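Beneath this line is the structure, given in structure tokens, with notes to follow.
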Number of protein chains: 2
Amino acid sequence: MGRLSLYLRQLERMLRDGIEKVSSRRLGEALGISDAQVRKDLGYFGHFGRAGVGYPVEELVKSVRRILGTDHEWPVALVGIGNLGRALVGYRGFRRQGFQIRAIFDLDPQKVGQSIEGICVEPASDLARRVAELKITLGIIAVPAEAAQAIADTLVSAGVKGILNFAPAPISVPDRISLVAVDLAIQLESLSYQVRIGHTDRETSE
Amino acid sequence: MGRLSLYLRQLERMLRDGIEKVSSRRLGEALGISDAQVRKDLGYFGHFGRAGVGYPVEELVKSVRRILGTDHEWPVALVGIGNLGRALVGYRGFRRQGFQIRAIFDLDPQKVGQSIEGICVEPASDLARRVAELKITLGIIAVPAEAAQAIADTLVSAGVKGILNFAPAPISVPDRISLVAVDLAIQLESLSYQVRIGHTDRETSE
DNA sequence: GGATGTGAACGACTTCACAGCG
DNA sequence: CGCTGTGAAGTCGTTCACATCC
């Protein structure tokens, strides 16, 4: 559930601000979500709150991290070091949530050997071997649309468990592999649609 | 509806491949969507198909573009020219769908004056004036979390109709303004959650 | 009183199934 | 016969409302 990540983000903010307990109402308000929704979402995973008091922020952060799987490190491989790839490597949010980019690959021999944030770019031909070697579990695809499916196949055969696809093309993977696709152009289209319709339902991609 | 953009993407691909007509079944198959769903989605906006034949690809592309609002140009302003901002400027998908980045702004005086893909970076202090001048209707926020709300407020007061927010912080805007938020870290969290659960529902962020 | 957790009511979205057209 | 368009049925997610607990 995408909302859990939003809760976690907000709870971490509250923790930094020294807030010790929070009600479903206040947590929801900060995110534009109803209090009932917040309680249902959290209630699904266990009993974290105390009636009349609310939820203990620090404890809840730990619980939500455990639910989301960000209570431990995830070794990640990035494939494709164009502009978007670079942005992803530099993105602090990944590291903060335990996602460590351990290897970078590119199809272009010109880019191989470059060092990005201290990580050496390796040739895509080594992808399968290296992913297995480094026990990498998640792969991020940031290559052009044409290459996306081939890279996905390689990542799967190398043993990753999940793929985050930024290429603007649908890729298919076996059922046992998790897949999240983010198409940036679609986000803008969705925005232009909303503007045209005037009908503003708030969306978060979670 | 996010799926419309997916249909458009696939239909454009078919058009390039010279396919002239398509059934709801085949369009859906390419995207992992049921045929009934495709018919419902398209049927909501009009009668585009012919029973026994299918949908005319070229005509349908035009219709969907009109529905999504990508049948005309959208002047866009980008605020924040870090790694992500650069990736967005270089992203071909935007231009292809009619989104033209007409101005780039940054808070950092060091970055002002640089030229990115032929566009000169302007100071954020000029944002309000320039957005109105250039009749810009959409704004993309790619600044750090702390600055996001202030930039959003400025964009709104300058008259944009929609905002695409890449900053990892929830921002609030008046009801009449459309808002789409994309938090990259949340996508990875959603992936790690799926991997942990083993439960793979396919997600597309439109 | 203030807040949680949760069944029950509600609504939105999806799939089913089929009449009807080409 | 193939395929669309669409009511009807079904499913999933959200909101309501309240018993319960601090």
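Protein chains get the first letters and strands the later ones, always in sequence-line order, with residue 1 at the start of each. From a predicted model like this one, the values you see are computed outputs, not experimental measurements.
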Report, as a single string ordered 5' to 3', how protein heavy atoms within less than 4.0 Å touch nucleotides 10-19 of chain D: B base, S sugar-phosphate only, - not at all. ----SBBB--
Nearest-nucleotide comparison on DNA chain C, the residue closer to the 5′ end among A:Gly52 and A:Gly43: A:Gly52
In this structure, how many angstroms lie between the [atom2] atom of [N] and the [atom1] atom of [X], rounded?
X       : N      : atom1 : atom2 : result
B:Arg50 : D:dG5  : CZ    : P     : 11 Å
B:Leu27 : D:dT4  : CG    : C1'   : 13 Å
B:Arg25 : D:dG5  : CZ    : P     : 16 Å
B:His47 : D:dC3  : NE2   : C1'   : 15 Å
B:Tyr44 : D:dG7  : OH    : P     : 14 Å
B:Asp35 : C:dC18 : CG    : C1'   : 13 Å
B:Leu42 : D:dT4  : CG    : P     : 9 Å
A:Tyr55 : C:dT4  : OH    : C1'   : 6 Å

Let me see the working for B:Leu8 and B:Thr70 under side-chain contact (heavy atoms from CB on, under 4.5 Å), right down to the final yes or no. CA-CA 10 Å; B:Leu8 180 55; B:Thr70 55; 4.0 Å; yes
Near B:Glu58 CD, under 6.0 Å, is it more than 12 heavy atoms from other residues, nucleotides or ligands? no
State, yes or no, whether a side-chain contact exists between A:Leu60 and A:Tyr7 at a heavy-atom distance under 4.5 Å. no
Is any side-chain heavy atom of A:Gln149 less than 4.5 Å from a side-chain heavy atom of A:Ile171? yes
Numerically ordered, the residues 14-24 of chain B set in heavy-atom contact under 4.0 Å with DNA chain C is none
Quick one: closest heavy-atom pair of A:Gly28 and A:Val38, and the distance? CA-CG2, 3.8 Å
What's the shortest heavy-atom distance between A:Phe48 and A:Pro56, and which atoms? O-CD, 3.4 Å
Listed partners of A:Asp108 passing side-chain hydrogen bond (donor to acceptor under 3.5 Å, both in side chains), at least two apart: none
Run the salt bridge (charged side-chain N to carboxylate O under 4.0 Å, His left out) check on A:Asp35 and A:Arg39 step by step: do they pass? CA-CA 6 Å; A:Asp35 55 337; A:Arg39 290 198 299 277; 3.5 Å; yes
Do the side chains of A:Glu29 and A:Arg26 get close enough for a salt bridge, i.e. N-O under 4.0 angstrom? no
